[in-house]
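Notes for the one structure printed next.
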Amino acid sequence: NKLFSKRSEKKEYPSKVQMAKNLSGSIKKNISTLLKGDKVAASDKKVKMREKTCLHCDWFEKEKLRCVKCGCVVPIKIRLEEESCPLNKW
């Protein structure tokens, strides 16, 4: 039984260890994609859609351009084809 809405949920970055795991997983995934010869860069249309979604998300920290949920640097993550939102918004 939740007494608070998601908007009032306390938002904290993942631990540094978890952010390092997230980053290493992302690097591994994108290098693998590159080595297979698959597309690494997302289309301009997809980047714009992701950007709009993130800019309006409660978990986006505008001052640091980061997602508080996963700790990623949003302007980089939204441009990588294989990446996804930790909240399944894109």
Exercise for review: Taking only Lys NZ, Arg NE, NH1 and NH2, and the carboxylate oxygens of Asp or Glu, determine whether Lys29 and Glu83 approach each other closer than 4.0 Å.
Suggested key: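 Here Lys29 pairs with Glu83 in a salt bridge, since their nearest N and O are under 4.0 Å apart.
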- Message: With a 3.5 Å distance limit and no angle check, can you tell me whether Arg66 reaches the backbone of Val73 through a side-chain donor-acceptor pair?
- Response: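 Pair absent, no side-chain N/O of Arg66 close to backbone of Val73.
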Notebook entry, point to check: Short question: side chain of Ser26, backbone of Asn22 - any donor-acceptor pair under 3.5 Å?
Noted result: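 Checked: no pair found.
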* To do: Decide side-chain contact (heavy atoms from CB on, under 4.5 Å) for Leu23 and Ile27; before the verdict, give the C-alpha distance in whole Å, the side-chain angles of both, and the deciding distance to 0.1 Å.
  => CA-CA 6 Å; Leu23 178 60; Ile27 290 169; 3.9 Å; yes
Residues in salt bridge (Lys or Arg N to Asp or Glu O under 4.0 Å) with [X], at least two apart?
{"X": "Lys89", "answer": "none"}
{"X": "Lys46", "answer": "Glu81"}
{"X": "Glu63", "answer": "none"}

[atom2] on [Y] to [atom1] on [X], rounded to 0.5 Å:
{"X": "Asn30", "Y": "Glu82", "atom1": "CG", "atom2": "CD", "value": "7.0 Å"}
{"X": "Ser43", "Y": "Arg50", "atom1": "OG", "atom2": "CZ", "value": "8.0 Å"}
{"X": "Ile76", "Y": "Cys72", "atom1": "CD1", "atom2": "SG", "value": "9.0 Å"}
{"X": "Glu51", "Y": "Lys48", "atom1": "CD", "atom2": "NZ", "value": "6.5 Å"}

Under the side chain to side chain contact (heavy atoms under 4.5 Å, CB included) test, which residues partner Ser15, sequence neighbours left out?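 If we apply the side chain to side chain contact (heavy atoms under 4.5 Å, CB included) test to Ser15, skipping adjacent residues, the hits are Val17, Gln18.
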- Message: Please enumerate all residues that pass side chain to side chain contact (heavy atoms under 4.5 Å, CB included) together with Leu35, with sequence neighbours excluded.
- Response: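 Testing Leu35 for side chain to side chain contact (heavy atoms under 4.5 Å, CB included), a comparison that skips the adjacent residues, returns Ile31.
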Begin with the C-alpha distance, continue with both residues' side-chain angles, and end with the deciding distance and a verdict on side-chain contact (heavy atoms from CB on, under 4.5 Å) for Thr53 and Cys85.
-> CA-CA 10 Å; Thr53 301; Cys85 169; over 6 Å; no
Report task. With the side chain counted from C-beta on, respond yes when Pro86 and Cys67 share a heavy-atom pair under 4.5 Å apart, and no when they do not. Result ->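 Contact flag for Pro86/Cys67 side chains = yes.
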*Where do Leu87 and Lys69 land on the side-chain contact (heavy atoms from CB on, under 4.5 Å) test, with the steps shown first?*
CA-CA 8 Å; Leu87 298 168; Lys69 187 69 174 177; 3.7 Å; yes
Would you check, one step at a time, whether the test side-chain contact (heavy atoms from CB on, under 4.5 Å) holds for Lys77 with Cys70? CA-CA 11 Å; Lys77 186 171 185 168; Cys70 65; 3.5 Å; yes
Hydrophobic cluster (4.5 angstrom, side-chain heavy atoms) - remaining members for Phe60: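 Grouped by the 4.5 Å side-chain rule, Val47, Met49, Leu55, Leu65, Val74, Ile78, Trp90 form the rest of the cluster around Phe60.
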